[in-house]
Structure formats: C-alpha cells, structure tokens
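First comes the structure, then the notes that go with it.
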2 protein chains.
Amino acid sequence: MSRSPAPRRRATLASLAAELKVSRTTISNAYNRPDQLSADLRERVLATAKRLGYAGPDPVARSLRTRKAGAVGLVITEPLTYAFSDPAALNFVAGLAESCEEAGQGLLLVAVGPDRSVSDGTNSVLAAGVDGFVVYSAADDDPYLQTVLQRHVPIVVVDQPVDVPGASRVCIDDRTAMRELADYVVGLGHREIGLLTMRLGNERRVGDQASGVVSPDRLSDSRFHVQTERIGGVCDAMAGAGLDPATLTIVESCEHRPASGAAAAELALQTNPRITALMCTADVLAISAMDYLRAKGIYVPGQMTVTGFDGIPEALSRGLTTVSQPSLEKGKRAGRLLHSPPRDGLPVIDVLPTELVRGRTAGPPV
Amino acid sequence: MSRSPAPRRRATLASLAAELKVSRTTISNAYNRPDQLSADLRERVLATAKRLGYAGPDPVARSLRTRKAGAVGLVITEPLTYAFSDPAALNFVAGLAESCEEAGQGLLLVAVGPDRSVSDGTNSVLAAGVDGFVVYSAADDDPYLQTVLQRHVPIVVVDQPVDVPGASRVCIDDRTAMRELADYVVGLGHREIGLLTMRLGNERRVGDQASGVVSPDRLSDSRFHVQTERIGGVCDAMAGAGLDPATLTIVESCEHRPASGAAAAELALQTNPRITALMCTADVLAISAMDYLRAKGIYVPGQMTVTGFDGIPEALSRGLTTVSQPSLEKGKRAGRLLHSPPRDGLPVIDVLPTELVRGRTAGPPV
DNA sequence: ATGAAAGCGCTAACAG
DNA sequence: CTGTTAGCGCTTTCAT
C-alpha cells in the first residue's frame, strides 16, 4: 500500500513525504532550499518524486501560501486582436513582456472581451492570479479598471492622464506633443483641418456606425483622455494661431481595423471638402487614410497634408509626419514599476519624452 | 471590534461571514450561486463587502480548491521579444489570444529567458498556475518542454513534428510544403542553391558566431524539426531532380533579429559565389536577405532568386515567392484544443494546409 | 435557504 | 539537518 508505482491519485508533497517516511518540510526543502538537506537525501527525494510522477510543489498551493503569483496581469480594454494589430500597442506589450522576462515573472493577458459581463463570477480580471496589474489605455470609467482597483493589488496605469488613486502611471504628454505637431501644421498655413481619432466612448459602434462626426457634446463626454488630450493639443494650436477650434472637423473611428482610417478620412472629407490637412491621433489611422487618398488620386503632401501619432516603423519608413513616442519603453517602465516598486511605496508618475518627426507628408495647403 | 470600517488585515470571505454573522457558505454563494440565497441577503453581503474592501473570493484560493486556474500558459523557447518581432509567431500568439478571449481564459506568457535555469524553484514554467500549456516550436529536447511534460497538465504542441506522448499537436506539413517550393525553384533551372535557416540547436551563438555554415553533422543533430523538415523538403526536391543535396549551402542564423537574414545571405554567397537562388525557412530571413541584396546592387529575381516561408503580410506585399501558412489559425486551433478537448481525451493531430505563393522574386538563373 | 466540517497542497515559524 | 504545528482562503458535500 505504501509504494504502489502508479498511484491513481496525483502525487502530492505529503504523499511523497509519507512514501519516504520523512516530514513534509524535508520535501519542501528539497525543492525550495536544497542547501537545507543532505545531497543524497535530496537525490532520493527527487528520484522518488520521479517514480511517483510528482512534478514538484503545486504552483497554486504555493501561491496561496506565499501570497505571490509570479505573474502580472495586463488588462487591455480593446479586443486582444487590436493589441496585436497596432504596432504601437504591440510594442508596448513587447516592452512589458521583456521586463517580465527579466524579472522572471509571467505576463497574463487578461481576457476582456466586449461581451463579458464585468461582475459575473467568471470575470477574468477577478479570476486572475497575479501580483499586480498593468492597465493599458482604458477610459476613466472603464468597468474593468474599477474591478482592478477593487482587487487591492499594485497597479500601473498607462496612457491614462487622469489620476487613479494609488496607482503609478506611465505616460507621455499627449497634449503638448500634439500641440507641437499642430503648431507645425498650422504654421504651414492650414486653416481647414480634419482630425481623425480613435473611439471616444466605451460603447462599440460597428459597421456603418463605426465612423462618425464628433459633436462637441460627445467630445466633452469622452472618457478616453489620451484621445481628448491629443484633440485638445490641436485645439490649443488653432486657438494660439487665432483660429476657431470649433471649425475643426473631428471624425471618430470606433472600430480599430486596418481600413478604419480610410473610412474616417472619407467621412471627414465628405463633411468638409475644404479640408487641406488630415491630422490623426494614431499612425495606423494616418496610414490607412493615406491609402485612401492614394486610391482617390489625391497626392500627399501636394494636395493633402497627413499627420499621425506614435512613430511606428511603417509610418517612419513611409515618411509620415508624426510624433514619435517610446512605446517599448513605456512597457518596460510599466513592468519595472510593478516588479521593483519605489521604496517609499508612493505612486510614481513617469512622463516619457516624445519627438516631433517632420516627415514628407506635410506641406503648405494648395 | 466587530465592525471596524478599516480592518488592518485584508478582508476575507471568513471575516465577511463573521461580520454578518452568517456562514461562509452563504458568502460563497452570494458570489458563485446568487440563486441560492435571497436577493436582499445577497445585497447585504455585497454592501458589507464593499464597506470592508472585500473584492470577492481570492482567485488563488479558489483555484486551489477548484483545481482550475482559468488560464493557459504559452511557452515559447525564444526570448519573448522574438515572438513579438516575427509576424508569423506573433500571428500565432494573436490567434491563441483570440481563442482564449472567446473562452474567457487568460493567456499566460511564460518567461523563458535563456539564462533561467530550468530546475530551480523560480522556474516560471513550474510556477505558472495554468490549466494547460501550449508549447510553440521547441526543440524535442528542449528542457522546458520536458518540464512542461512533467506537470501532467494538458498540452498542445505547435510546429513540433515529433510526437510528444499524450500531447495534441497543431502543425503543417513543412517538408511537403518546402518541397513544392523547391520543386518550383529547381524547375526554374537553379542548380546552386543557398538555404538560410533559423537556429538548429538549443545553444545560442551571438555576434560573429550568430551565422554559420551548417555541416552535415550539425544538420543531423538538429532537434528543431520544423527547420530540418523544411531543409529536408529542399533536399527531396533536389534529389528528385537528380541533384546532389550535399551541394546545398546551408547557413544557420542563430540570433533572430531583423538583420539576421542579411548576415546569413552574405555568408552563404561568400561560401558559394555561384549560388543563384537563396531559399529561406522564414519570410523574415528572406526579407532581410533581399534588403542585403538590394544594398549590394544584386537584382531580384534577375540576378538572384529569393524565397521565404510563412506568408507574412510584408512578404506578400513585397511579392516574395513563399509558402503561406495559416499562423493565426494555428493559434486558434491550439487554444481550442485546450479549451474544449476532444471527448475521448485522445491526442489530436491537426495538420493545417499551406499554399505555394508564386510571387515575383523567383525566376530562371542568370 | 443556510450552516458545520473537511480539506485543496503547500510553506513558515519554531523547536529539536 | 529534520519534524511539529498552524494556517493561506476558499468550496463543497452533507445536514438542518
């Protein structure tokens, strides 16, 4: 009864101890503190473990005991496929992954499908066994952000200008960066400007509704501060040049798909045919918009100025005039803030630098 | 003593129960089986929870009890940054993430840095609280693969032609796919062929050693079957055309970086200047090789035929002659195999189709 | 509809 | 170097 070679029941640390007639501590030590027992006792333990098919201490039980999960959770409010289609977001994830790898921590991509109810028991934010969370670019009122806050674990928010109490924050100065870019565009002489932005609300419109002209109300209701700050930067620049920001044609793209920028560009030009510059809050929008313009035979920058934001490789290689931001570094910093938090335990605000890239897609208006 | 609003100690299910003078079962039910108690008792529970800052059942403790972690682990033997730089690998991850999202499961990227010792207690493969693992393109003798096998959890291996006992498998027919491509190249008249491959061994050479000509011994010792199968496909085609596969110049690229293909191409052409076709086991290698050739003023396909493997978007848009494989679908399948395993519990082998893409980078030799 | 009791598998003092 | 003693926080029969 004591040494059946194929126990029907999964071997545990306790069963190993019983088999070897030693205490559980000894087994535990064999795995966790090899120096605490003689080499050959350890050998015997490992050999018996192998024979019994014992894979070592159960990670979950250990987590429960030590209160460490060995992983951090990443919450992205977009469908994960978005995170994998925008190089800027992807680079952020890569940076985060890199810092996790360095720290020997896992990175748990938390499933946050649009349809998943927030409060039900299967909520994966609540179900995630992690030591902390990184929340990427959520709206202030995002229900998942609220849930994460409830969990009372360390949190780092990224691209979330508004303060989240107790959370550290990694971001850039979106408003100033965009303002510099807009200053440049306005300085070139543009007066009628179209502004293409990502979604401003938590609801998800699709299909025909995916793009829409943004009313002042919707803009002021927006809870996506990254977008509104960038828009604000453009408004600042216009106001600074004596232009009325209300003349800006803002189009929102709710779906984030490769062709979203094209649809938004079309709507913008349709809404105001006198537009001479299309500014976009993301390079992916700008690139798609340029594809649209090319298909329409509208030359950039001859007939239309186009600008982006992010500085993704494709944008840079295509000469897009844009703002370059250190997405990878954002990810690394976010991870580091979680893995080695500041001594004093106080939240940190880490504002990373950006750089205006004067590419080849901006010129004077016709 | 009973209703202090800010307990120094984290609230638990038990403390809530004590506070409300109900049993733990009731609290548990309030979260997990709302229909098992009256609506207003449930309200009271939730209200008290909020007051005490109780975020709901601890995920780790629940995992221990229920033996479910709500997440699957992904083990990639490359540094994670590789997974984020090769679109083919990335697409696979995206597909896997998508199926996890659908299933409401988390996806844990397991840290498998090169320097991390396999057997130490901090081994993140052992530390991961997951319900199953996906192992992506590891060598047969990869130590992490062995570790994962020990864990006695469901496993799906991807791009791993050799059988792993008890594991399901998602793959393509690398050998046949590459053979078709090589048949095409040989059919064009090429006799001196260079073959650029990813690393064939577990050790990691860097810097000057990163690229190297592959000896027959090293080839036969290779444990990366995806690579060796693709190489085998080329050999098959040559043999089929009456050519001696031993004349193939095989260069291995151990680092996987954007410029790796260039270095490998240079070495191949240096080793055998009569090469008229460079076949690559990955599109990223081929693209980098093409960049190198362009820089050298060598025209493709006029002076050099180049082929790839994977069918990543950039390759397709650049007209690369290659084999297209459904990377995203591989990820989805792998996930599904874990989330809803076949009834009979038997391992599944899922061979996905590939397609020969006759692009614009292959032509007759000069 | 609610409660009592029995662990899930492990680690961490502390004592020998 | 090894064993004893207590839990970590939760779910789940089985009663009531």
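First the proteins, then the strands, lettered A, B, ... as listed; each starts at 1. Keep in mind it's a predicted model, so treat the numbers as computed, not measured.
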Quick one: closest heavy-atom pair of B:Ser137 and B:Phe224, and the distance?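 Closest pair (atom of B:Ser137, atom of B:Phe224, distance): O-CE2, 3.9 Å.
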Please tabulate, for side-chain N and O atoms in residues 337-349 of chain A, each donor-acceptor pair with protein atoms closer than 3.5 Å (sequence neighbours left out).
from     : atom 1 : to       : atom 2 : distance (Å)
A:His339 : ND1    : A:Gly335 : O      : 2.9
A:Asp344 : OD1    : A:Leu346 : N      : 2.9

Students should find this one: the first and last nucleotides of DNA chain D, 5' to 3', lying under 4.0 Å from a heavy atom of chain A. What are they?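 Reading along DNA chain D, I get D:dC1 to D:dG9.
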Does OP1 or OP2 of C:dT11 have a side-chain N or O of A:Ser28 closer than 4.0 Å?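 For A:Ser28, the contact criterion (side-chain N or O under 4.0 Å from OP1 or OP2 of C:dT11) is met.
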[X] [atom1] to [N] [atom2]: how many Å, rounded?
{"X": "B:Arg65", "N": "C:dA5", "atom1": "CZ", "atom2": "P", "value": "16 Å"}
{"X": "A:Tyr31", "N": "C:dT11", "atom1": "OH", "atom2": "C1'", "value": "15 Å"}
{"X": "A:Asn29", "N": "C:dA15", "atom1": "CG", "atom2": "C1'", "value": "15 Å"}

Is there a donor in the side chain of B:Arg62 and an acceptor in the side chain of B:Asn32, or the other way round, less than 3.5 Å apart?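 Yes, because at least one side-chain N or O of B:Arg62 sits under 3.5 Å from a partner of the opposite role on B:Asn32.
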salt_bridge([X], [Y]) N-O dist < 4.0 Å:
{"X": "A:Arg51", "Y": "A:Glu19", "answer": "yes"}
{"X": "A:Arg151", "Y": "B:Asp58", "answer": "no"}
{"X": "B:Asp163", "Y": "B:Arg169", "answer": "yes"}

Starting from the 5' end of DNA chain D, give me the residue, A:Thr66 or B:Thr25, whose nearest nucleotide shows up first.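 Looking at the nearest nucleotide for each, A:Thr66 comes out on the 5' side.
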